[in-house]
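Remarks on the structure that follows.
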Protein chains: 2
Amino acid sequence: MALKYSRQREAIKEFVMTREDHPTADEVYMNVRQEFPNISLGTVYRNLTLLSDMGELLRLRVGDGVDRFDAATHPHYHFICQECGSVEDLNVPIMDDFNTHAGQGFKGQILSHSAQFYGKCANCLKTNS
Amino acid sequence: MALKYSRQREAIKEFVMTREDHPTADEVYMNVRQEFPNISLGTVYRNLTLLSDMGELLRLRVGDGVDRFDAATHPHYHFICQECGSVEDLNVPIMDDFNTHAGQGFKGQILSHSAQFYGKCANCLKTNS
DNA sequence: TTTCAAATTAGTAATGATTACTGATACCAT
DNA sequence: ATGGTATCAGTAATCATTACTAATTTGAAA
């Protein structure tokens with residue numbers, strides 16, 4: 001029941017916090033493996049889920065079928081590059097009145113929303129025509 | 001190369017078109033099976049993918065790990081009930097200036113967005129307190 | 001500091017959604 | 001009617017994720 005410290009969990013959390021992009025469980029696994037050569041993928045998943053449940057990480061589903069993890073736990077929007085698939089945070093305020101707009105003529109109750117933006121990232125813009 | 005008619009594909013398309021909700025591949029499978037008792041799940045997936053690629057259906061990923069299919073192919077937002085998981089279309093115009101808002105201070109190019117709204121559907125609102 | 005129950009781990013097996021493969025069948029232009 | 005090819009049913013494979021288990025860590029109390 002009580003949460004106990006674990007070096008693995010700490011390393012996983014540290015790693016995600018150093019990243020600006022949004023690593024997948026497998027990417028976390030590959031990297032934490034440099035410090036803990038025989039950590040198992042299951043341990044990575046279990047701790048990522050645990051940290052997300054505790055609110056220390058954000059579990060992200062941008063629609064490519066893989067879960068990503070984000071150390072920026074405040075609500076924010078995401079950009080997904082259609083060329084390279086990279087995921088970036090967008091630093092604009094959440095549009096709360098978007099909920100009201102969307103709720104016009106809707107009989108249920110809207111409490112929140114999430115949004116993803118698509119296009120070309122700065123890198124892909126300069127690389128190709 | 002050339003597309004050939006198939007009774008199974010037609011039945012799959014017909015079924016999705018009659019539905020207001022957003023059936024998963026398995027739900028399509030269960031229902032089309034009444035007309036084609038030994039249709040295979042692979043056939044359902046192949047045709048749903050094919051129809052989506054042709055633009056006759058929309059493949060939806062609302063973040064619950066299952067793909068859903070939507071016969072309403074015009075761009076629109078979706079509502080997901082946090083109680084029962086049901087998915088509904090929202091009939092409000094797409095907010096195109098949302099792209100501009102989100103792009104403030106962003107170095108890439110934003111071309112489109114998708115959004116999901118969360119809360120309680122009309123049914124769940126009246127069922128419980 | 002030793003002890004010991006409980007939490008965590010590594011390793012592996014299981015699950016669930018989706019895709020790929022294969023030999024048989026259905027479609028359709030000739 | 002026939003032949004070429006798209007599609008099918010059935011099944012195996014893949015991929016991300018979760019569950020299981022015996023062994024190891026952790027931390028608080030003796």
Side-chain angles (χ1 to χ4, degrees), chain A residues 1-16 21-54 56-70 80 85-87 116, chain B residues 1-16 21-54 56-70 80 85-87 116:
Chain A
M1 194 78 205
L3 194 67
K4 275 183 184 169
Y5 172 87
S6 103
R7 285 172 293 143
Q8 289 89 336
R9 183 187 307 133
E10 209 54 29
I12 289 167
K13 184 175 157 188
E14 287 300 320
F15 173 72
V16 177
D21 64 344
H22 304 71
T24 64
D26 203 65
E27 285 164 355
V28 174
Y29 175 55
M30 290 308 183
N31 280 276
V32 175
R33 208 132 75 120
Q34 292 168 11
E35 188 181 351
F36 294 89
N38 38 356
I39 195 173
S40 82
L41 186 54
T43 297
V44 173
Y45 268 106
R46 184 166 23 75
N47 281 300
L48 286 173
T49 301
L50 185 55
L51 290 164
S52 301
D53 289 349
M54 295 192 307
E56 305 204 21
L57 293 181
L58 222 61
R59 184 179 211 124
L60 263 166
R61 301 195 149 140
V62 294
D64 57 353
V66 207
D67 288 5
R68 296 171 175 277
F69 296 86
D70 191 343
I80 298 110
S86 67
V87 179
Q116 301 79 41
Chain B
M1 196 75 209
L3 194 66
K4 273 184 188 174
Y5 172 88
S6 103
R7 284 171 295 141
Q8 288 90 334
R9 182 187 309 132
E10 208 54 29
I12 289 166
K13 184 175 159 191
E14 287 299 320
F15 173 72
V16 177
D21 63 345
H22 305 70
T24 64
D26 203 66
E27 285 166 354
V28 175
Y29 175 55
M30 290 309 184
N31 279 276
V32 175
R33 208 132 73 121
Q34 292 168 12
E35 190 180 352
F36 294 88
N38 39 356
I39 196 173
S40 83
L41 187 53
T43 297
V44 172
Y45 268 106
R46 183 165 26 75
N47 281 299
L48 285 173
T49 301
L50 185 56
L51 290 164
S52 301
D53 289 349
M54 293 192 307
E56 306 206 20
L57 294 183
L58 223 61
R59 182 179 215 126
L60 235 86
R61 302 195 151 142
V62 293
D64 57 354
V66 208
D67 289 5
R68 295 169 176 278
F69 297 86
D70 191 342
I80 298 110
S86 67
V87 179
Q116 300 80 41

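Between B:L50 atom CG and D:dT7 atom P the separation is 7 Å, expressed in whole Å. Here the P atom of nucleotide C:dT18 and the CG atom of B:L60 are 12 Å apart, to the nearest Å. Distance B:E27 CD to C:dG16 C1': 15 Å, rounded to the nearest Å. Atom CZ in B:R33 sits about 11 Å away from atom P in D:dA9, given to the nearest Å. Taking atom CG of residue B:N47 and atom C1' of nucleotide C:dA26, one finds them 14 Å apart after rounding to whole Å.
Not a single side-chain hydrogen bond (donor to acceptor under 3.5 Å, both in side chains) links B:D26 to another residue, sequence neighbours left out. Here B:E14 pairs with nothing under the side-chain hydrogen bond (donor to acceptor under 3.5 Å, both in side chains) rule; sequence neighbours left out. Here A:Y45 pairs with A:A25, A:L41 under the side chain to side chain contact (heavy atoms under 4.5 Å, CB included) rule; sequence neighbours left out.
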Original post:
Nucleotide by nucleotide, 5' to 3', does protein get under 4.0 Å of the base (B), only the sugar-phosphate (S), or neither (-) in nucleotides 10-30 of chain D, counting heavy atoms?
Top reply: B-----SBB-------BS---

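Judged as a side chain to side chain donor-acceptor pair (under 3.5 Å), the pairs with a partner in residues 33-42 of chain B (not counting sequence neighbours) are, in order, B:Y29-B:R33, B:S40-B:T43. Sequence neighbours left out, the pairs with a member in residues 60-70 of chain B that pass salt bridge (charged side-chain N to carboxylate O under 4.0 Å, His left out) are B:R59-B:D67, B:R61-B:D67, B:D64-B:R68.
Nearest heavy-atom pair across A:E27 and A:P23 is OE1-CA, 3.0 Å.
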